Amino acid sequence: MPLPSVAKPRRISLLSESQHTASSLIDSTIFASSSFPQTQFSNHPPNPQGHHNSKRQALTFPPFKRLVGQCFHGAPASYYASLIQSCITRKAIKPGKQLHSHLCQMGLGFNTFLATKLVNMYCVCGSLWNAHHLFDRIPKRNLFLWNVLIRGYAWNGPYEVAIALYNQMFDCGLVPDRYTFPFVLKACSALSAIEVGRKIHERVVYTMCETDVYVGAALIDMYAKCCCPQSARRVFDKIEERDAVLWNSMLAAYTQNGHPDESLALCSEMVLAGLRPTEATLVTVISASADIVALPAGKELHGFSLRNGFESNDKVKTALVDMYAKSGSVKVARTLFERLGEKRVVSWNAMITGYAMHGYAAEALDLFEKMKGGGAVTDHITFVGVLGACSRGGLLDKGLMFFDFMVREYHIEPTVQHYTCMVDLLGHCGQLNKAYNLIKEMKVMPDSGVWGALLNSCKIHGHVELAELAVEKLMELEPDEAGHYVILSNIYAQAGMWEGVARLRKLMIDKGIKKSIACSWIEVRNKVHAFLSGDTSHPNSAAIYAELKRLGGLMAEAGYVPSTDSVFHDVEDDEKTNMVCSHSERLAIAFGLISTEPGTRLLITKNLRICEDCHIAIKFISKITEREITIRDVNRYHHFKDGLCSCGDYW
DNA sequence: GTAGGGTTAG
């Protein structure tokens with residue numbers, strides 16, 4: 001925003017001026033100076049080139065000091081309040097501090113009204129130490145003051161202090177009000193502190209604030225961040241007069257907790273209830289449609305946003321880039337990405353990770369270079385995309401270089417996701433010991449994703465010892481997940497260690513662990529068709545199996561040799577279907593081939609990780625049929641594993 | 001006389 005061009009500070013009598021004029025004066029006096037750095041008033045971090053060094057600030061502030069010294073004697077508190085407000089609006093802590101010091105000289109430093117404004121000023125500027133220090137010295141603390149400080153901590157952290165202050169309020173005989181709750185609940189959201197959050201909810205009910213939309217939205221957000229969407233829904237249902245933000249909060253609660261279908265359905269209800277979707281509504285539900293890989297729903301939302309004046313909204317457009325990229329339409333995503341008015345880090349990340357997800361390693365890395373060249377801010381998610389691209393593309397040297405680059409140049413501490421990419425990359429390239437050493441060096445606790453990446457690599461390279469170690473860790477982290485046992489069993493089978501296969505099978509029976517049912521689905525002409533492994537319930541089942549058999553013959557001619565390593569997993573299903581491998585993704589592909597025009601791209605979604613043999617088979621099918629086939633895992637959505645997917649019933 | 005809530009990448 002360009003700064004106003006008033007050059008000289010005016011010297012006038014202020015006592016008869018309105019607050020608005022006082023505010024304008026301080027604006028023009030302090031902030032109009034062309035030498036004052038613009039970044040001082042923005043949310044951006046200080047310029048590393050040091051544009052606002054002490055010399056420049058010294059040049060800027062004297063006019064304000066003169067103003068303070070010459071004009072303020074006898075001014076009413078409301079006048080000072082408006083000056084502090086100017087500092088708050090511009091997040092200008094230095095003039096604010098000067099004003100604070102002046103008020104102390106005038107004996108107004110602990111005036112509750114003005115001091116509360118000053119505490120707010122320090123909070124808004126992120127200087128919680130100053131805010132708290134002043135708070136401690138104010139003799140008469142009212143509820144308003146407590147709320148201001150709690151809000152400061154809820155915005156800036158440490159969040160625990162916001163909760164501690166909330167508890168201290170009671171000791172001082174104060175009762176929280178409808179303003180207190182959203183602040184303290186925000187701190188609970190940040191900490192995922194569900195127990196504290198529930199206690200606060202009890203207090204909300206006790207103080208009859210449950211139907212307030214602001215409190216309600218904060219409660220919904222708290223339950224959403226604590227992975228309790230059902231509790232969020234109960235709050236939502238109790239509020240009769242709902243505004244758009246309340247609806248948006250509930251939509252986000254569903255989207256964030258892996259219920260994109262519920263989010264889309266609720267959005268329809270919102271429109272039927274007569275509410276106009278806002279930017280946040282669209283961003284949330286477009287994100288939901290990306291998670292569900294429901295391209296028709298996503299396209300519909302794209303159309304809706306165009307018709308309702310969001311065509312030039314960059315946040316909505318970024319959500320669309322993400323949706324198209326995740327759905328495999330990377331070209332459409334790129335076109336939209338290029339049309340963005342301002343490319344923010346989120347937009348770059350959506351495009352880079354979209355490329356990485358679908359194996360376009362060169363495009364992802366090329367875009368990353370463009371991002372760096374344009375001087376865009378880079379964050380840890382950018383590197384999840386970059387390292388993911390290297391991992392998918394088998395680019396070992398580049399992956400190692402970027403990992404090093406991220407730590408040394410960008411000072412980004414690697415997260416568990418970065419390590420997962422690196423273990424996957426090293427492991428796939430056969431450097432299993434290096435992958436294991438990297439896990440041992442990790443500063444963060446390795447999760448099931450990291451050990452799973454190592455286990456998968458062990459399967460590819462037949463490394464029994466490390467696979468046993470990885471499964472041992474995975475059994476601790478996810479004791480009921482059948483997939484880990486199955487993979488180890490297959491590794492034993494590959495190595496001819498049949499006693500190991502038998503031992504694992506017994507272990508699974510003893511523990512009562514059943515393997516998850518793999519489900520894949522494909523959308524053809526606006527209808528979703530879902531398939532289970534070995535499924536024969538589809539009306540076109542006979543034609544699907546005939547197509548699979550035909551493909552099997554063509555693939556054999558093209559040199560495809562089915563892998564025999566998956567004995568534990570596959571033989572039972574395949575015996576039922578005359579030895580045609582009928583994994584769910586292959587059924588979905590066969591159905592897609594007989595139901596769509598030649599040349600149509602096929603997008604299959606799968607709820608479990610695709611096996612290596614199907615990976616190879618799909619490459620053959622793609623080559624033979626000249627079709628682009630994309631498989632997307634959505635295995636993070638647990639509800640797909642609960643048997644909800646049956647043919648055609650999903651919608 | 002001062003204050004409040006939601007959304008965007010793997």
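What you see is a predicted model, and the numbers here were worked out from it, not measured in a lab. Heavy-atom basis, side chains included; hydrogens, waters and symmetry copies ignored.
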N/O (side chain, A:S287) to phosphate O (OP1/OP2, B:dA9) under 4.0 Å: yes
Considering every strand and a 4.0 Å limit on heavy-atom distances, what is the contact class for A:A252: base, sugar-phosphate, or nothing? sugar-phosphate
Rounded distance (Å) that lies between atom C1' of B:dT8 and atom NZ of A:K317: 15 Å
Do A:F337 and A:W348 have ring centres separated by under 6.0 Å? yes
Spacing between A:Y223 atom OH and B:dG5 atom P, to the nearest angstrom: 20 Å
Considering every strand and a 4.0 Å limit on heavy-atom distances, what is the contact class for A:T180: base, sugar-phosphate, or nothing? nothing
For A:H380, give me all partners under ring pair (Phe, Tyr, Trp, His ring centres under 6.0 Å), at least two apart in sequence or on another chain. none
May I ask you to list the residues of residues 201-217 of chain A, by number, that have any heavy atom positioned under 4.0 Å from an atom of DNA chain B? A:D212, A:V213, A:Y214, A:A217
Pairing residues for A:N349 by the side-chain contact (heavy atoms from CB on, under 4.5 Å) criterion, not counting sequence neighbours: A:V345, A:M371, A:D379, A:I381, A:T382
Taking DNA chain B as the partner, which of residues 301-309 of chain A come within under 4.0 angstrom of it by heavy atom? none
A:F402 and A:F368 aromatic ring geometry - parallel, tilted or perpendicular at 30°/60° bounds: perpendicular
Please report the closest heavy-atom contact between A:K315 and A:E279, naming both atoms and the distance. CD-OE2, 3.1 Å
Could you tell me which residues satisfy ring pair (Phe, Tyr, Trp, His ring centres under 6.0 Å) with A:F304, sequence neighbours excluded, listed by chain and number? none
Show me the pairs that pass side chain to side chain donor-acceptor pair (under 3.5 Å) and involve residues 110-126 of chain A, at least two apart or across chains. A:Q85-A:K117, A:H100-A:Y122, A:N120-A:R151
How long is the line joining CZ of A:F181 and P of B:dG5, in whole Å? 16 Å
Quick one, which residues of residues 139-156 of chain A touch DNA chain B with a heavy atom under 4.0 Å? A:F144, A:N147, A:R151, A:W155
Please state how far atom CD1 in A:I88 lies from atom P in B:dG1, giving the value in whole angstrom units. 18 Å
Selection residues 220-240 of chain A - residue pairs positive for ring-ring contact (aromatic ring centres under 6.0 Å, His included), sequence neighbours left out: A:H201-A:Y223, A:F236-A:W247
Across all chains, not counting sequence neighbours, the side-chain hydrogen bond (donor to acceptor under 3.5 Å, both in side chains) partners of A:D136 are none
When we call it a touch if two heavy atoms are under 4.0 Å apart, what does A:T318 touch: a base, just sugar-phosphate, or nothing? nothing
Distance, rounded to the nearest Å, where A:Q256 contributes CD and B:dA9 contributes P: 9 Å
Ring pair (Phe, Tyr, Trp, His ring centres under 6.0 Å) partners for A:Y166, two or more places apart: A:F170
For A:I412 and B:dA9, what is the distance between atoms CD1 and C1' respectively, to the nearest whole Å? 13 Å
Classify A:M351 by what it touches in the nucleic acid, base, sugar-phosphate, or nothing, heavy-atom distance under 4.0 Å. nothing
Starting the side chain at C-beta, find the nucleotide from B:dT7, B:dA3, B:dG5 nearest to A:K315. B:dT7
Does the ring center of A:F144 lie less than 6.0 Å from the ring center of A:Y179? no
Please determine if a side-chain N or O atom of A:Q85 lies less than 4.0 Å away from the OP1 or OP2 oxygen of B:dG1. no
For A:Y179 and B:dG4, is the gap between ring centres under 5.5 Å while the planes differ by less than 30°? no
From CG of A:D322 across to C1' of B:dT7 the rounded distance in Å is 13 Å
Please work out if A:F183 contacts a base, only the sugar-phosphate, or nothing of the nucleic acid, heavy-atom cut-off 4.0 Å. sugar-phosphate
Among all residues two or more places apart in sequence or in another chain, which pass the ring pair (Phe, Tyr, Trp, His ring centres under 6.0 Å) test with A:W146? A:F135
How many whole angstroms separate atom CG of A:L99 from atom P of B:dT2? 18 Å
Ignoring backbone atoms, establish whether A:K225 has a side-chain N or O less than 4.0 Å from OP1 or OP2 of B:dT7. yes
Listed partners of A:E241 passing side-chain contact (heavy atoms from CB on, under 4.5 Å), at least two apart: none
